[in-house]
**Q** 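Below is one structure. I have some questions about it.
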Amino acid sequence: MTKTHKGLLLGVSAYLLWAFLSLYWKLLAGVNSYNTFSYRIIWTAVTMLIYMLVSRNRSRYTQELKELWLDRKQFYRAIAAAFLIAINWLTYIYAIANGHATESSLGYYMMPLVSVLLALVILKESLTPATSLAVLVAAVGVGVLVWQTGHLPLIALLLAFSFGFYGLLKKGTRLSSDVAMLFE
């Protein structure tokens, strides 16, 4: 299997798992959102600690965490990223558990547009004409969906902006994904 095909297969698999995740959260609708979120934090930390023990990369993990601690700018950036992803996940769990699945989906449709906006405004990136057209078409589509909700979709906006800013902060960190997941 080529690297491209493997990447495509893994990407599609991740999106399918993400789709079924909403059904899982819906089954937990009777459980307080804060409890669900707390268990997610605990079990992610336990899972990542086990992963780190099994992978036998202790020196890399120790080195990355030590560098993070010594570089205060990186440390505060990582703390802010952890805070934003916590807001995002708690909002998502709350939305699904309380019948706002469509609005939470809208937030994740908006998120790439927020990321593009942040890249243009904060990172001073530019778009090619073809990319500009694609962003315009996506923005019109999201605009129609927002219009159809009949109200300001606060959950969608919170999800889109918390994840967009999370991505912006993560772009500037030097942590590997496994160490960052444990830290967050």
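Residues: numbered from 1 along the sequence shown.
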**Q** Is there a side-chain contact between T149 and E103 in this structure, where contact means two heavy atoms from C-beta onward sitting under 4.5 Å apart?
**A** no
**Q** With heavy-atom distances below 4.5 Å as the criterion, would you say the side chains of R174 and Q74 are in contact?
**A** yes
**Q** How about M48 and D178: do any of their side-chain heavy atoms sit closer than 4.5 Å?
**A** yes
**Q** In Å, rounded to the nearest 0.5 Å, how long is the span from CE of M52 to CG of N57?
**A** 9.0 Å
**Q** If only atom types and distance count, is the side chain of R56 paired as donor or acceptor with the main-chain N or O of L53 below 3.5 Å?
**A**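 Side chain of R56 to backbone of L53: no pair is present.
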**Q** Under 3.5 Å, side chain of N88 to main-chain N/O of L159, donor-acceptor pair present?
**A** yes
**Q** According to a hydrophobic-cluster definition based on side-chain heavy atoms being under 4.5 Å apart (Ile, Leu, Val, Met, Phe, Trp, Tyr only), do L136 and Y109 belong together?
**A**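 In one cluster: no.
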**Q** Does Y61 have R58 sitting over its ring (NZ/CZ under 6.0 Å from centre, angle to axis within 45°)?
**A** no
**Q** Rounded to the nearest 0.5 Å, what's the gap from CD1 on I85 to CG on L90? Could you check?
**A**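 Taking CD1 in I85 and CG in L90, the distance rounds to 11.5 Å.
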**Q** Between A139 and L113, which heavy-atom pair has the shortest distance, and what is it?
**A**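 It is CA-CD1, 3.6 Å.
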**Q** Are the side chains of E184 and K170 in touch, meaning some heavy atoms are under 4.5 Å apart?
**A** yes
**Q** So with a 6.0 Å cut-off around NE2 of H151, is the heavy-atom count from everything else above 12?
**A**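 For H151, atom NE2 is crowded (more than 12 foreign heavy atoms under 6.0 Å).
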**Q** To the nearest 0.5 Å, what is the distance between CG on L145 and OG on S105?
**A**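 Nearest 0.5 Å value for the CG-OG distance: 10.0 Å.
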**Q** Is there a path from L118 to V121 through hydrophobic residues (I, L, V, M, F, W, Y) whose side chains come within less than 4.5 Å of each other?
**A** yes
**Q** Identify the two heavy atoms, one from R77 and one from L168, that lie closest to each other, and give their separation to 0.1 Å.
**A** NH1-O, 4.1 Å
**Q** When you compare the side chain of V146 with that of M110, does any pair of heavy atoms fall below 4.5 Å?
**A**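 In contact.
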**Q** When rounded to the nearest 0.5 angstrom, what is the spacing between OG in S59 and NZ in K66?
**A**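 Going from the OG atom of S59 to the NZ atom of K66 covers 12.0 Å.
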**Q** Looking only at non-hydrogen atoms, find the nearest pair between A78 and L68 and report the distance.
**A**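 For A78 and L68, the tightest heavy-atom pair comes out as CB-CD1, 4.1 Å.
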**Q** Give the intermediate values and the outcome of side-chain contact (heavy atoms from CB on, under 4.5 Å) for residues E67 and D71.
**A** CA-CA 6 Å; E67 288 173 9; D71 185 344; over 6 Å; no
**Q** Examine the side chains of S104 and Y94 and answer whether a donor and an acceptor come within less than 3.5 Å of each other.
**A**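 Result is no, nothing qualifies.
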**Q** Rounded at 0.5 Å granularity, tell me how far CZ in R72 sits from CD1 in I79.
**A**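 It is 9.5 Å, given to the nearest 0.5 Å.
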**Q** Taking C-beta and beyond as the side chain, do L152 and L157 meet within less than 4.5 Å on heavy atoms?
**A**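 Contact flag for L152/L157 side chains = yes.
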**Q** If you group Ile, Leu, Val, Met, Phe, Trp and Tyr by side-chain heavy-atom gaps below 4.5 Å, do I41 and I96 land in one group?
**A**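 Both belong to a single hydrophobic cluster.
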**Q** Heavy atoms, side chains only, cut-off 4.5 Å: are T36 and N32 in contact?
**A** no
**Q** For V114 versus G164, what's the shortest heavy-atom pair and its separation?
**A**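 That closest heavy-atom pairing would be CG1-CA, 4.2 Å.
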**Q** Would you please indicate yes or no on a ring centroid separation below 6.0 angstrom for Y166 and F163?
**A** yes
**Q** Which value, rounded to the nearest 0.5 Å, describes the distance between S38 atom OG and W43 atom CH2?
**A** 13.5 Å
**Q** L169 and A80: which non-hydrogen atoms are nearest, and at how many Å?
**A**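 Here L169 and A80 meet closest at CD1-CB, 3.6 Å.
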**Q** Would F161 and L84 show up in the same hydrophobic cluster when neighbours are defined by side-chain heavy atoms closer than 4.5 Å?
**A**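 Shared cluster, yes.
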**Q** Other than V137, which residues form its hydrophobic cluster under the rule that side-chain heavy atoms must be closer than 4.5 Å?
**A** L133
**Q** Would you say Y76 ends up clustered with L175 if hydrophobic residues are merged whenever their side chains have heavy atoms under 4.5 Å apart, either directly or through other cluster members?
**A** yes
**Q** If I compare all heavy atoms of H100 with all of I155, which pair ends up nearest, and what's the gap?
**A** CG-CD1, 3.7 Å
**Q** Look only at the side chain of T131 and the backbone of L127, and say whether a donor-acceptor pair between them is shorter than 3.5 Å.
**A** no
**Q** Establish, yes or no, whether a centroid distance under 6.0 Å links the rings of W69 and F75.
**A** yes
**Q** Would you say the side chain of T128 lies within less than 4.5 Å of the side chain of S132, judging by non-hydrogen atoms?
**A** no
**Q** May I ask you to check whether over 12 heavy atoms, not counting those of F183, lie within 6.0 Å of atom CZ?
**A**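 Counting neighbours around CZ of F183, more than 12 heavy atoms of other residues, nucleotides or ligands fall under 6.0 Å, so yes.
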**Q** With a 6.0 Å cut-off on the ring centroids, do Y108 and Y92 count as close?
**A**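 Judged by ring-centre distance (under 6.0 Å), Y108 and Y92 do meet the cut-off.
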